[in-house]
Structures are given as structure tokens and as C-alpha cells.
Amino acid sequence: MKKEFIFIVSLAMVAALSSCSSKLGALSADNFTVTPNPLEAHAGQVPATITGNFPEKYMKKKAVVTVTPVLKFNGKQVAGQPATFQGEKVQGNHQTISYKVGGHYTMRTAYAYQDEMEKSELWLQFNARVGKKAVPVPEVKVANGVIATSELVKRTLVSATPSYGLDAFQHTIEQKQTATIQFLLGQANLRASELNKDNIKEFVAKLAEIQGNPEGNVLNNIEVSAYASPDGRYELNERLANRRESVSTDYVNKQLKKTKLETNVDSKYTAEDWEGFQELVGESSIQDKDLILRVLSMYQDPEEREREIRNIATVYKDLADGILPQLRRARLTANYEIIGRSDEEIVAQLKEDPTKLSVEELLYGATIVDSNKDKEAFYTAATKQYPNDARAFNNLGALAYQSGNLDTAANYFTQAQRVSGNSAEANANLGLISLLNGKKEEAAQYLSKGGNANNVNEALGALYLSQGQYSQAAQTLKGTNSNTQALAEILNKDYTSAAATLTSIKNADAMTNYLKAIVSARTNDSQGVSTYLRNAISQDSTLRNYAKNDLEFAKFASVISGL
């Protein structure tokens, strides 16, 4: 009887030990470390590094455990990359964990960011078996929520300044009217044949035109430059150039008197025009011209230069016939200004008859009026009168963008593309639209073609932000004084610069105040968090619920509860 009792007890103990050997038991959050915690959105992803610890005598020698990180939010869950571990007696390719001493491991995962993930929990789920038997292991919560500050780039871009096509309008345009009087060898008299040439007639006609429109033209001065060719004795050439200057100046003064114009006549002469000689030789097809140019560089004395060039007998006749006669001249230059319409005249002309305005005047006109309605009127007139100029279409799109009409803006930018084929400003602006729609690759393609656009840096910096290149973004955005610049500085943990940038923004909006609240939270300024969040919500009520889920303010529960 006693033996039978001992045998039954032994069977019970074996059964109990056998049962215990198939159990793994629960793990606690203390067995795991998650970095970062809370999780953080980065370049549209939520990455996590999980460091785990199987304690001593946990991993049965025949056990296989698969660990899956699962992010749960708003009734949904998304599984991350699983990792599998095995006991010492399992034949497999997974990391082996010692039964006696346990073991550490690291696993990495990432989730495509969704807005609802801000309020979320990271759990580890286990699929375990010992031998052929499945055993339950309870799931473990290891992290709370996602900080999604990097995703605010879409909100900062709403207030971004798009690229405008610039006008080339000038109130005053400097102009020149030139003419050349040629002289015969050794002479300084004005020949009728020269004075009847077209370039002289055009010069005289321009003086008359300036005189006839004193409100639209201003004659600043006339320059007279007389020359002698660099052949013969220097003293003779100097006297000759001087006389050519004198007769040419007299001619100019007579024309001014005829047209009843008054201006300064600035005259000078050059005894031997070696500079002009070198230029004409360089442009010619004369044989051995390189040798001639080398002589000019080797000798500075005029007589030595002439002597050495004359020694090149094969080309001297070509010089004497083709080059030197062109240097026996006087050049007349009238420097004048065309006076354009005043700002008031441009605005008045738009109302009276916009067809009389140039495209530059229309584009400029939009920059001197205050209301978007008036700006739109200038740009619309430009598209009708100059339909092949992409700038007006692009600028209409920029106005629509800043008014929040993104579909209209995209249509105008596309029209600008069709007109120009490759408008840098339209490309930059289409890049902005793509970023707002979350299409980073498309945005990168547009911005690669818009690198020369005016004010492209905000869009380019936003692209770098969306790609997770925070340092590059901050460098590119520097000087834009925008919400996007401040966001880049926050993500770089440069809170001093971020605060300064946010203070410098001229038209502070709800997002400006929200970013100020984040800076305050990260610098432990409870009063700043309260003040700036209230300001932000007063400008954009949708930020109230956003702030309540934003883990940037997790340490300020009393402030958040009072919003």
C-alpha cells in the first residue's frame, strides 16, 4: 500500500513538473526599453528601437517565441516587423536565448505615420510554443503615443510665401545712342559723305526725339572720343587726334543748338588707339594674328610695337588696308534716360485702358496696390494682353495659394508651365502643392526644376524637413523668417533661434503661436504654453483638439485641461 502511494505521488510530481516545463509565463514592461518613448514621427515614419530582456530560466530549451510590436490607435492596430527567438535545443536560424542566464536583444521597427497615431499605444504581442505545444504569453504595453511635431510642416506651408515671377519694370531706363565719324589718313576734316551716313542721321534724330518729349526723356550728357591709328610718329598722331576731337565736338554743339537742347559735352582724345587695334585684330581672321597679339603683349613702347609689327611683312598690308582705317575715328555717345509712368499713372491707366500698359508695367502694378482684388486685376489684364508670358499666370496662382484656394492655384501654376515650358517659379510652387498633398517624390522633381526661382528656399527647406534632413532644412530656411524655419529650428533643438524666428514673423498666425507654445513646453515655460496655446486656438479653433492629443504638452496637463 505504501509503495503504491509513493508511486502515485511520483507520477503526480512528474506530471506537475512536465506541466510547468511547458509554461513561459508573463513578461512585464520592465523587461523592455523603447527608444524614443514617446515615439516620434520622422520623415513620415514612426521608428522604434526595442531593447528586450528574457530573464533567467525563462526561455525553455525547446521554446520558440515570436515578438511582434503592434501600434494601437483609435480602434485600429498596425503590426511592425516581428523578431523570433529560440531556446538552446531548437534547431533553427533565430537568435538563441540561454535558459540559465537569459539574454538581451534589440529589434527595430517603423510604422507609416497616420494622424490618429498621436494618441496611441505600443504593445508587444507574443506567439510562443514549447516543442509542438502553443503556450499563451500575455501582450505587454511598452510605450505611449507619438510626438508628431515634424508633421506640422504641412500646416506651416499653408502660410508659406510662394514664388512670384518678378517684373523688370524701371521708372528710369538708361539708354545710349552712338555714332561713329570716320577720318582719312592724316586728316581731321568732317566729310559730307560721313555726315550723311545712317548712324549719324539716327544720332541727330534721337536728339530731336529727346527734345520733342521732355517728360519722357532726359539727356544726361554727350561723350566725344576721338582717336588716331597707332601708325606714324606719336607727336603727329597726338595733334591729329586732338583736331578730330575739336571738330567732332563742334559738330555736336551745332546739333544741340539746332535741336534746342542743353547738356554737357564731355570730350577726350587718344593719340594712338592700341586698345582698339588689339580688339580689331583679335576679332579678325588675319594670318598670323596670334603673332601680332603676342608682340603687343611683349612691348609696351609705342615705337617698338609699330616697328615690330611692320617687320611682319606678310600681314602688314592687311593691317594697313583693313584694321588701321577703322581706328581713325571719333565716337559720339548720347547718354539719356527714358522716364516711365509713375505709380499713380500706372494704376490710373489700368482703369482707363490697360491695353496701353506693357507687361512689365502690369506686373509691377500688382506690386504697388494693396488689395488682392486689385493685384488680381493687374495679373488678369497681363494674361489677356500677353498670354505667352508665364509670370502673370504663376502670380495669379500665388495669390490663390495665399488665399487658401489650392486647386485654383494648382491650375494657374499648370497654365504657367504650359505657356513657358519650364517656369522656375511655377515648378517651385507646384512643389509646394505636392508637399501639402504629402507627395514628397513629386515635390522633389518639381523643386529640382525650380532651383532658380524667386523665394524657393521655403519650399526647398520644407522638402528637407519632410525627408527628415533637419539640419539641412534649417540651413536652407535661414532668413525666410517663416513658421517653417522655426519648425526646422525646433526639430534641431535650437530653441533660442526658433524663438527669435517666431518673434520676427511679420504676419503671425495660429501656427506661429502654436510653435511658440511648443518652444515654451520644451523650455519648461508653463505660462508661455498657456498664453500661446490660447492665442493659437483663438485664431484656429481646430488646434484645441490637436493640442489635447499633442504629447509635446504631456507635462502640462493642467494647462491642457483648461483649454
Side-chain angles (χ1 to χ4, degrees), residues 161-178 198-199 201-221 259-263 333-403 405 408-409 411-426 429 453-455:
T161 302
S163 294
Y164 278 83
L166 302 181
D167 65 87
F169 175 76
Q170 295 175 282
H171 281 296
T172 301
I173 304 173
E174 295 185 353
Q175 297 286 322
K176 294 179 183 291
Q177 183 74 34
T178 62
D198 288 343
N199 75 115
K201 290 180 179 179
E202 291 168 1
F203 182 87
V204 173
K206 179 56 68 175
L207 295 181
E209 179 185 326
I210 292 171
Q211 192 279 334
N213 184 17
E215 294 183 358
N217 297 285
V218 173
L219 180 62
N220 292 328
N221 74 324
T259 54
K260 298 179 182 180
L261 283 172
E262 292 184 3
T263 192
T333 303
N335 297 304
Y336 66 101
E337 296 175 352
I338 298 176
I339 309 301
R341 288 184 175 91
S342 67
D343 290 359
E344 294 76 12
E345 288 172 332
I346 290 174
V347 173
Q349 188 63 59
L350 177 75
K351 296 177 181 178
E352 182 180 338
D353 184 2
T355 61
K356 292 183 178 180
L357 291 171
S358 70
V359 65
E360 304 304 338
E361 287 175 319
L362 287 167
L363 294 173
Y364 171 74
T367 69
I368 60 176
V369 292
D370 295 327
S371 72
N372 282 352
K373 181 179 179 181
D374 290 337
K375 292 177 184 292
E376 185 176 346
F378 272 105
Y379 290 139
T380 301
T383 61
K384 292 178 180 178
Q385 293 169 219
Y386 306 96
N388 294 323
D389 195 307
R391 290 174 295 174
F393 291 104
N394 175 78
N395 294 358
L396 281 170
L399 284 179
Y401 182 98
Q402 291 182 295
S403 298
N405 301 321
T408 301
N411 287 334
Y412 276 126
F413 297 147
T414 302
Q415 281 184 275
Q417 286 290 65
R418 283 200 297 266
V419 168
S420 70
N422 191 28
S423 165
E425 284 73 26
N429 292 330
N454 173 53
N455 195 43

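In what follows, every heavy atom counts, from backbone to side chain, and hydrogens, waters and symmetry copies are set aside.
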Task: Pairwise side-chain contact, Glu361 with Asp167, heavy-atom cut-off 4.5 Å (strictly under) - done: no
TODO: Could you tell me which non-hydrogen atom of Ala416 sits nearest to which non-hydrogen atom of Ser423, and how far apart they are?
DONE: O-CB, 4.4 Å
TODO: Check whether any side-chain heavy atom of Asn394 lies under 4.5 Å from a side-chain heavy atom of Tyr412, and answer yes or no.
DONE: no
TODO: Indicate the atoms forming the closest heavy-atom contact of Thr259 with Gln211, along with that distance.
DONE: O-CG, 2.7 Å
- [ ] Taking all non-hydrogen atoms of both residues into account, name the closest pair between Leu362 and Ala382 and its distance.
- [x] CD1-CA, 3.7 Å
- [ ] Go through the structure and list residues passing side chain to side chain contact (heavy atoms under 4.5 Å, CB included) with Val359, not counting sequence neighbours.
- [x] Leu363, Tyr386, Asp389, Arg391
Task: Spatial distance of atom OG1 (Thr178) from atom NZ (Lys206) [nearest 0.5 Å] - done: 11.5 Å
- [ ] For side chain to side chain contact (heavy atoms under 4.5 Å, CB included), just list the numbers for Glu425 and Asn395, CA-CA rounded to whole Å, side-chain angles, deciding distance to a tenth of an Å, and then say yes or no.
- [x] CA-CA 9 Å; Glu425 284 73 26; Asn395 294 358; 6.0 Å; no
TODO: Could you tell me the separation between the CD1 atom of Ile368 and the CD atom of Glu344, rounded to the nearest 0.5 Å?
DONE: 7.5 Å
Open item on the list: Working to the nearest 0.5 angstrom, can you tell me the gap between Leu399 CG and Thr408 OG1?
Closed with: 11.5 Å
- [ ] Give, for atom CG of Leu357 and atom CG of Leu350, the distance between the pair rounded to the nearest 0.5 Å.
- [x] 6.5 Å
Task: Residue pairs, two or more places apart or on separate chains, that pass ring-ring contact (aromatic ring centres under 6.0 Å, His included) and touch residues 354-379 - done: Phe169-Tyr364, His171-Tyr364
- [ ] Tell me, please, which residues at least two apart from Glu202 pass side chain to side chain contact (heavy atoms under 4.5 Å, CB included).
- [x] Gln177, Asp198
TODO: Enter the distance from Asn217:CG to Leu207:CG here, rounded to the nearest 0.5 Å.
DONE: 11.0 Å
Task: Interatomic spacing from CG in Asn405 to CG in Leu396 - rounded to 0.5 Å - done: 12.0 Å
Task: Partner set under side chain to side chain donor-acceptor pair (under 3.5 Å) for Glu345, not counting sequence neighbours - done: Ser342
Open item on the list: I'd like to know whether Asn429 forms a side chain to side chain contact (heavy atoms under 4.5 Å, CB included) with Tyr401, so could you lay out the CA-CA distance, the side-chain angles of the two residues, the decisive distance to 0.1 Å, and finally the verdict.
Closed with: CA-CA 9 Å; Asn429 292 330; Tyr401 182 98; over 6 Å; no
Open item on the list: Has Glu360 got a side-chain atom pairing as donor or acceptor with Ala168's backbone, closer than 3.5 angstrom?
Closed with: yes
- [ ] Using the salt bridge (charged side-chain N to carboxylate O under 4.0 Å, His left out) rule, collect all pairs that involve residues 366-385, keeping only residues at least two apart or in two chains.
- [x] none
Open item on the list: For Asn221, give me all partners under side chain to side chain contact (heavy atoms under 4.5 Å, CB included), at least two apart in sequence or on another chain.
Closed with: Glu223, Thr263, Asn264, Asp266, Asn335
Open item on the list: Using modelled atom types and a 3.5 Å cut-off, is there a donor and acceptor pairing between side-chain atoms of Gln349 and backbone atoms of Lys356?
Closed with: no
Open item on the list: Check whether Thr380 reaches the backbone of Ala377 with its side chain - one donor and one acceptor, N or O, closer than 3.5 Å.
Closed with: no
